[in-house]
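Whatever order the structure lists ligands and atoms in, that order sets their numbers, starting from 1. Numbering starts at 1 and runs along the sequence shown.
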Amino acid sequence: MAKKVLLVGCGNMGFAMLQGWLALQPSPEITVVEPAAPLRQRISDLAVSALASADDLAADYWPDIVVLAVKPQMFAGVLPDYARFAGPSTLFVSIAAGVTTATIAGLTRADAAIVRCMPNTPAAIGHGVMALYANGQVSAEQAEAAATLLAACGTVVAIEDEALMDAVTAVSGSGPAYVFHFIEALSEAARKVGLPDDLADLMALKTVEGAARLAATSDDAPGTLREKVTSPGGTTAAALGVLMGEGALSTLLGDAVEAARDRSVELGKSE
Ligand SMILES: NC(=O)C1=CN([C@@H]2O[C@H](COP(=O)(O)OP(=O)(O)OC[C@H]3O[C@@H](n4cnc5c(N)ncnc54)[C@H](O)[C@@H]3O)[C@@H](O)[C@H]2O)C=CC1
Ligand SMILES: O=C(O)[C@@H]1CCC=N1
């Protein structure tokens with residue numbers, strides 16, 4: 001287990017992971033660098049040390065793991081502040097979309113130990129799903145330390161091929177936004193057929209929550225669970241005739257995931 005964790009950037013995703021880490025026992029010593037004062041306040045409210053800049057780190061401070069949670073476009077500007085930690089004793093974990101381990105090594109040290117991780121925001125409640133890719137410099141002990149840290153945020157899956165990260169980003173990294181939008185759209189549809197606002201929101205949210213829990217716990221595949229809802233000639237068949245007609249939803253989702261995957265590839269090239 002890593003003893004000292006330095007989190008660089010504590011916006012939406014960094015804060016979600018920080019919340020997940022608070023459940024760890026034994027808890028590592030976590031230090032956060034976050035320039036935005038209101039965001040530092042919410043970190044301090046969790047009794048976690050929050051600094052405005054890398055310059056505020058004590059001269060003798062040395063982290064076991066540095067988690068990079070700034071925007072991909074900021075890596076070139078931010079990484080030089082942390083490059084001094086790169087080397088065999090410190091693991092860099094990047095959660096940025098697109099940015100490759102080669103780019104991070106180029107901005108820190110050629111032989112830096114780097115894990116790329118693609119998390120998602122349900123990490124905040126321990127229900128994220130995270131793919132990890134470790135470069136050749138990562139020791140078995142460091143890989144285990146990273147997996148332990150990240151497991152506090154949800155399910156961790158190791159992948160061997162870094163190129164898959166763009167597709168993972170498009171599916172699970174961005175995926176919660178698709179599901180949140182589905183909830184919004186179902187709620188809007190509920191209003192259109194006459195449900196009052198509160199009831200529409202509740203029915204949409206609880207339906208998605210219940211269906212996801214059932215899919216996660218049932219021995220049946222999602223397709224079987226779908227069939228079990230669908231009475232021949234009934235209401236569900238009428239709806240699925242629209243949603244699945246000419247692959248409507250799966251075509252749309254396919255296009256959406258491809259667009260996200262392509263953007264991840266682009267973000268990697270712009271670094
Ligand atoms: N939001 C999400 O659901 C996910 C985001 N990611 C990745 O996480 C990273 C962060 O994304 P978000 O949290 O959404 O962005 P965000 O904009 O909410 O957070 C980035 C944070 O970095 C801080 N920052 C800016 N300059 C800094 C510096 N010099 N030192 C330290 N912190 C600095 C900003 O003040 C901000 O709070 C991105 O690389 C993104 O690709 C990955 C998976 C999911
Ligand atoms: O939208 C983004 O670029 C980031 C990466 C995955 C989720 N949010």
Side-chain angles (χ1 to χ4, degrees), residues 5-21 30-44 46 48-57 61 63 66-85 92-101 103-104 107-108 114-125 127-133 150 153-157 159 162 164-181 256-271:
V5 176
L6 175 60
L7 173 63
V8 181
C10 199
N12 294 314
M13 195 60 237
F15 192 65
M17 294 178 82
L18 177 63
Q19 288 169 282
W21 295 339
I30 302 170
T31 305
V32 182
V33 176
E34 169 52 62
L39 300 189
R40 280 202 306 284
Q41 184 57 52
R42 68 177 182 173
I43 300 162
S44 306
L46 298 176
V48 173
S49 162
L51 308 175
S53 121
D55 298 339
D56 299 331
L57 291 166
Y61 176 79
V66 178
V67 180
L68 303 164
V70 295
K71 292 285 188 197
Q73 297 86 344
M74 303 202 65
F75 267 59
V78 170
L79 266 183
D81 286 342
Y82 302 91
R84 66 182 185 279
F85 298 129
F92 279 71
V93 175
S94 165
I95 66 162
V99 184
T100 62
T101 52
T103 296
I104 296 167
L107 291 166
T108 53
I114 304 164
V115 161
R116 253 179 94 182
C117 164
M118 181 44 57
N120 59 14
T121 54
I125 55 162
H127 286 281
V129 59
M130 282 142 291
L132 297 194
Y133 168 79
L150 297 165
C153 300
T155 303
V156 175
V157 186
I159 61 170
E162 184 170 6
L164 292 181
M165 272 295 180
D166 297 310
V168 166
T169 302
V171 175
S172 58
S174 299
Y178 316 156
V179 177
F180 299 139
H181 183 54
V257 167
E258 241 179 75
R261 191 270 322 270
D262 293 350
R263 180 63 186 142
S264 178
V265 172
E266 263 173 36
L267 283 169
K269 286 186 183 143
S270 62
E271 274 310 307

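From the protein, the heavy atom lying nearest to atom 13 (O) of ligand 1 is Met13 N, 2.8 Å. Atom 31 (C) of ligand 1 has its closest protein heavy atom at Val33 O, 3.4 Å. Residue, atom and distance of the protein heavy atom nearest to atom 19 (O) of ligand 1 are Gly11 CA, 3.3 Å. From the protein, the heavy atom lying nearest to atom 25 (C) of ligand 1 is Met74 SD, 3.6 Å. Closest to atom 41 (O) of ligand 1, if we only count protein heavy atoms, is Ala97 N, 3.0 Å. Atom 6 (N) of ligand 1 has Ile95 O, 3.8 Å as its closest protein atom, hydrogens excluded (heavy atom only). Taking atom 3 (O) of ligand 1 as the reference point, the nearest protein heavy-atom neighbour is Thr121 CG2, 3.4 Å. Shortest contact from atom 7 (C) of ligand 2 to any protein heavy atom: Gly173 O, 3.4 Å. Nearest protein heavy-atom contact of atom 5 (C) of ligand 2 is Ala97 CB, 3.9 Å. With hydrogens left out, the protein atom closest to atom 39 (O) of ligand 1 is Val70 O, 2.6 Å, a heavy atom.
Taking 4.5 Å as the limit, some side-chain heavy atom of Leu18 sits within range of a side-chain heavy atom of Leu46. Under the 4.5 Å side-chain criterion, counting only non-hydrogen atoms from C-beta, Val5 is not in contact with Thr31.
Using a distance-only test at 3.5 Å, with no hydrogens or angles considered, a donor-acceptor pair links the side chain of Glu34 to the main chain of Cys10. In this structure, Ser174 contributes its side chain and Ala170 its backbone to no donor-acceptor pair below 3.5 Å. A donor-acceptor pair under 3.5 Å is absent between the side-chain atoms of Ser172 and the main chain of Gly175, judged by distance alone. Using a distance-only test at 3.5 Å, with no hydrogens or angles considered, a donor-acceptor pair links the side chain of Arg40 to the main chain of Pro35. Between the side chain of Asp166 and the backbone N or O of Arg261 there is no donor-acceptor pair closer than 3.5 Å.
Of the charged side-chain nitrogens involved, at least one lies within less than 4.0 Å of a carboxylate oxygen, so that Glu266 and Arg263 count as a salt-bridged pair.
The two atoms that bring Val99 and Pro72 nearest to each other are CG2-CB, 3.7 Å, heavy atoms only.
For ligand 1 and Ala96, the ligand atoms under 4.0 Å from any heavy atom of the residue are 39 (O), 41 (O).
For the residue pair Glu162 / Thr101, a side-chain donor-acceptor distance below 3.5 Å is found, with atom types taken as modelled.
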Mind running side-chain contact (heavy atoms from CB on, under 4.5 Å) on Met17 and Leu7 for me, showing each step along the way? CA-CA 9 Å; Met17 294 178 82; Leu7 173 63; 5.9 Å; no
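Under the 4.0 Å distance rule, the nearest protein heavy atom to atom 2 (C) of ligand 2 falls outside the cut-off.
The closest non-hydrogen atom to atom 22 (O) of ligand 1, taken over Gly9, Gly14, Ser53, comes from Gly9. Of the candidates Glu34, Gln73, Met17, Lys71, it is Lys71 that places a heavy atom closest to atom 15 (O) of ligand 1. Which of Ala54, Cys117, Ser174, Pro35 comes nearest to atom 27 (C) of ligand 1 through a heavy atom is settled by distance: it is Pro35.
Taking CZ of Phe85 as the reference point, atom CZ of Phe92 lies at 7.5 Å (rounded to 0.5 Å).
For ligand 1, the polar-atom distance check against Val8 finds no nitrogen or oxygen pair separated by under 3.5 Å.
Here Val78 has side-chain heavy atoms under 4.0 Å from ligand 1, and that is the only part of it that gets that close. Contact annotation for Leu39 and ligand 1: only side-chain heavy atoms (C-beta onward) come within less than 4.0 Å of the ligand. Contact annotation for Ala69 and ligand 1: only backbone heavy atoms (N, CA, C, O) come within less than 4.0 Å of the ligand.
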